[in-house]
Amino acid sequence: MKRILFVCLGNICRSPAAEGVFRSIARESGLQVEIDSAGTSDWHLGEAPYPPMQQAAHARGYDLSALRARQFRPADFEEFDLIIGMDADNIANMERRRPPDNQTPLCLFTDYAPESGADHVPDPYYTRDFDAALDLIETAARGLAAKLAD
Ligand code: 4NP
């Protein structure tokens, strides 16, 4: 079973949304995957996803209410097969914590949504556009599911 970790800054907007959306798409696609999310910061430890993101996700049929924020840790490099960041800062922050000799692939979620032309998932905590973030997250989640089904 492939273990996949989604990572953003706070683990209250983008990565929990990616976790919930991808869990739903993986289930529909019959993919056997283990999915989690984390933040590079410790700013929101133990918090549920940001309420406006929960509401926007709920309107599309995704229930994020049981998720709780945790911080990315070096051991995640050993515990997951693929780690997916939402932007280049997330990737740089994780690379700094990579244990010696570890080769777990780190990539951007937008790598799986080339048709979007986006090179990161804009942070709706700042843009306030939760639907635009979810549109991109759904596109990338479908792309990732297609890749894993290959
Ligand atoms: P996220 O968004 O990285 O998508 O969870 C953020 C949430 C909170 C903050 C920054 C980004 N913050 O500054 O508290």
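Numbering of ligands and ligand atoms starts at 1, following listing order. Computed from heavy atoms alone, side chains included, the values below leave out hydrogens, waters and symmetry copies.
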At a non-hydrogen distance cut-off of under 4.0 Å, which region of Tyr50 contacts ligand 1 (side chain, backbone, both, or neither)?
neither

Nearest protein heavy atom with distance in Å, relative to atom 1 (P) of ligand 1
Cys8 SG, 3.5 Å

One pair to check against salt bridge (charged side-chain N to carboxylate O under 4.0 Å, His left out): Arg70 and Asp76. What are the steps and the verdict?
CA-CA 12 Å; Arg70 74 164 178 92; Asp76 288 321; 3.0 Å; yes

Taking atom 13 (O) of ligand 1 as the reference point, the nearest protein heavy atom with its distance
Tyr126 OH, 3.2 Å

Please work out whether any backbone atom (N, CA, C, O) or any side-chain heavy atom from C-beta onward of Met86 is under 4.0 Å from ligand 1, and answer side chain, backbone, both or neither.
neither

Between Phe72 and Phe77, is the gap from one ring center to the other below 6.0 Å?
yes

Considering non-hydrogen atoms of the protein only, which is the closest contact for atom 12 (N) of ligand 1, and what is the distance?
Tyr125 CE2, 3.3 Å

Rounded to the nearest 0.5 angstrom, the CD1-CG distance for Ile12 and Leu67 is 12.5 Å

Would you say that more than 12 heavy atoms from the other residues, nucleotides or ligands in this model lie under 6.0 Å from the CD of Gln32, or not?
no

Taking only heavy atoms of His44 into account, list the atoms of ligand 1 that are under 4.0 Å away from them.
8 (C), 9 (C), 12 (N), 14 (O)

Which atoms of ligand 1 are found less than 4.0 Å from any heavy atom of Leu9?
3 (O), 10 (C), 11 (C)

Could you go through Arg60 and Asp131, starting from their C-alpha distance and side-chain angles, then the distance that decides it, and tell me whether this counts as salt bridge (charged side-chain N to carboxylate O under 4.0 Å, His left out)?
CA-CA 10 Å; Arg60 298 178 186 218; Asp131 274 305; 2.7 Å; yes

Ligand 1 contact on Asp123 by region, counting heavy-atom pairs under 4.0 Å
side chain

Gly10 heavy atoms, cut-off 4.0 Å: which ligand 1 atoms fall inside?
1 (P), 3 (O), 5 (O)

At a 4.0 Å threshold, what atoms of ligand 1 neighbour a non-hydrogen atom of Trp43?
12 (N), 13 (O), 14 (O)

Contact atoms of ligand 1, heavy-atom distance to Ile12 under 4.0 Å
5 (O), 7 (C), 8 (C)

Side-chain donor-acceptor contact under 3.5 Å, Thr40 with Asn90
no

Return yes or no for this condition: an N or O of Ser15 is under 3.5 Å from an N or O of ligand 1.
no

Any side-chain heavy atom of Ile4 sitting closer than 4.5 Å to one from Leu148?
yes

When you compare the side chain of Phe22 with that of Ile137, does any pair of heavy atoms fall below 4.5 Å?
no

